[in-house]
Amino acid sequence: MIITANNPNRKSWLDVPKNSDFPIQNIPFGVFITKDDIITIGTRIGDYAIDLGALHQLGYFDGIPLTDDIFLQDSLNDFIADGRKTWRLVRNRIADIFDVTQSGLRDHKEHRAEVIFRMDEIEMLLPVSVGDYTDFYASREHATNVGTLFRDPENALMPNWLHVPIGYHGRSSSIVPSGTPIKRPIGQSKPAEGTNTPGFGPSKLLDFELEMAFITTDANDLGDRISIEEAEEYIFGMVLFNDWSARDIQGWEYQPLGPFLGKSFASTISPWIVTLDALEPFRTDNPEQVYKPLPYLQVEGKKSYDIKLQVGIKPEGKEETVVANSNFKYMYWTMVQQLAHHTVNGCPVEAGDMMGSGTISGPTKDSYGSMLELTWKGQNPIQMNDGSERKFINDHDTVIMRAHCENENVRIGFGDCVGKVLPAEEFKK
Ligand code: CA
């Protein structure tokens, strides 16, 4: 089926500001709540949120096989479970409804009032009920930097890393939408030199991790696996993902079983899921792999995406400082390899599961995806625009992540992924 929604020549009768992340070619999916406390599934064009539940009730999706309440829900899970054919039909239809040549909704004042909201009239919620969250570790530069900082510079990359897309199972209960404040976590840390008692208290080394995550549909039953050729069919779309990390807690707890409380206190996502279909024009060459992977991980065709990434830190009441610029294409392992690997043992993947890429670090020092790497564990503090310095994230700092793709015709973006750090609860033993 042709993705007519992607036609770069389309224009909408809704106003779209220049350089908006959300032209009519994007049509992402999300969940929002209106001032009247109505929760609905929606999309966004320019600075307008569009109520898909209302559009469906008014008959604008006639002819597409959808259940009556598919958009009148507080998560996209059921819609995602409908599969790629339905996603495409709905995106194509939305593009037609809002196309500048179509007057049906445009000229229907009452319908428009029911369907279209300004972004400042609504609040974004989590787009999916995340059943399972897996975090990969798929950037070679990040794995090398962390191996150097935490373990052994001589053997920074573990011997398995170039053969296996490394990952671990995270907590889905602490995934929150952009804008949710993040309380500094409390935990144990390594005993000070010459002592035997671990430290305990608010994390002193709070960090962000610049990641993206993909959201899957129902993919396989227990015991079945997804081949790499079909893996893409099961990926609905992507979000920006800030996988907050407490480096001092992490450094003390992570051996031998890996990340735990230093990671599980919070992860922030951008609230609009940008579909893989919308990202179609931005496919790019897969990274060259050092070793030919095992056959079940061998990729054909372009499965990487050119998505520009940026991180800024904004101290309270002060100007923002951009601290990193990176790109999703730096990932060593592609999403299809991750999904094929995830299911090779027969573990089921379901609609609404979320797979984090792992921190995305590029080849240059200004493209690293965490403060741990940018400041080299605090040795080279970042000079901020307000004159202060940062080794890690301070209380009342806001971390802002952005992502967009761009070519000569169109810009597809993700909107901001924002979180402000609040002080730890008053310290109790
Ligand atoms: Ca992570």
Side-chain angles (χ1 to χ4, degrees), residues 130 132-151 156-158 160-161 164-178 180 182 184-185 187 203 205-216 238-255 257-270 307 309 311 323-324 326-328 330-335 337-339 341-342 353-362 367-375 377 392-393 399 401 403 414 417-419 421:
V130 183
D132 273 310
Y133 154 49
T134 300
D135 196 17
F136 284 94
Y137 192 54
S139 153
R140 186 178 176 187
E141 284 78 9
H142 174 69
T144 306
N145 289 339
V146 172
T148 304
L149 285 165
F150 272 85
R151 288 180 304 106
L157 214 53
M158 297 293 259
N160 57 2
W161 200 92
V164 186
I166 300 289
Y168 75 98
H169 295 284
R171 289 289 296 178
S172 52
S173 62
S174 54
I175 296 178
V176 294
S178 178
T180 308
I182 304 301
R184 181 176 296 270
S203 169
L205 310 180
L206 181 60
D207 202 352
F208 60 80
E209 288 192 332
L210 170 61
E211 304 193 22
M212 299 202 70
F214 65 89
I215 292 101
T216 59
M238 297 175 72
V239 291
L240 256 168
F241 194 92
N242 179 355
D243 196 17
W244 299 92
S245 298
R247 301 301 181 191
D248 39 359
I249 298 173
Q250 180 185 1
W252 171 234
E253 73 176 4
Y254 86 105
Q255 284 177 320
L257 281 186
F260 189 32
L261 305 183
K263 301 281 184 179
S264 63
F265 58 95
S267 309
T268 305
I269 64 168
S270 55
I307 306 173
L309 306 170
V311 186
V323 298
S326 187
N327 195 304
F328 184 69
Y330 296 138
M331 303 301 299
Y332 185 86
W333 295 104
T334 56
M335 294 184 283
Q337 287 173 312
Q338 290 172 338
L339 197 48
H341 182 65
H342 205 305
D353 284 0
M354 199 169 278
M355 313 279 177
S357 58
T359 305
I360 305 162
S361 290
S367 63
Y368 293 166
S370 65
M371 292 298 272
L372 176 73
E373 296 162 88
L374 289 164
T375 69
K377 219 175 181 175
F392 288 90
I393 305 301
V399 176
M401 295 184 175
F414 287 75
C417 175
V418 175
V421 173

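Indexing begins at 1, ligand by ligand and atom by atom, following the structure's order. Numbers for residues simply follow the sequence, beginning at 1.
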Q.
Is there a side-chain contact between Val418 and Val399 in this structure, where contact means two heavy atoms from C-beta onward sitting under 4.5 Å apart?
A. no

**Q.** Sub-4.5 Å side-chain heavy-atom contact between Phe208 and Met401
**A.** yes

(Q) Under the rule for side chain to side chain donor-acceptor pair (under 3.5 Å), what residues qualify as partners of Thr216, not counting sequence neighbours? (A) none

Q | Protein N/O/S count near the Ca ion (ligand 1) (criterion: distance under 3.0 Å) | A | 4

Q. Does a donor on one side chain and an acceptor on the other come within less than 3.5 Å for Thr268 and Trp244?
A. yes

Q) Does atom CZ of Phe260 have more than 12 heavy-atom neighbours, drawn from other residues, nucleotides or ligands, at distances under 6.0 Å? A) no

Q: Return yes if a side-chain donor-acceptor contact under 3.5 Å exists between Thr359 and Glu209, otherwise no.
A: yes

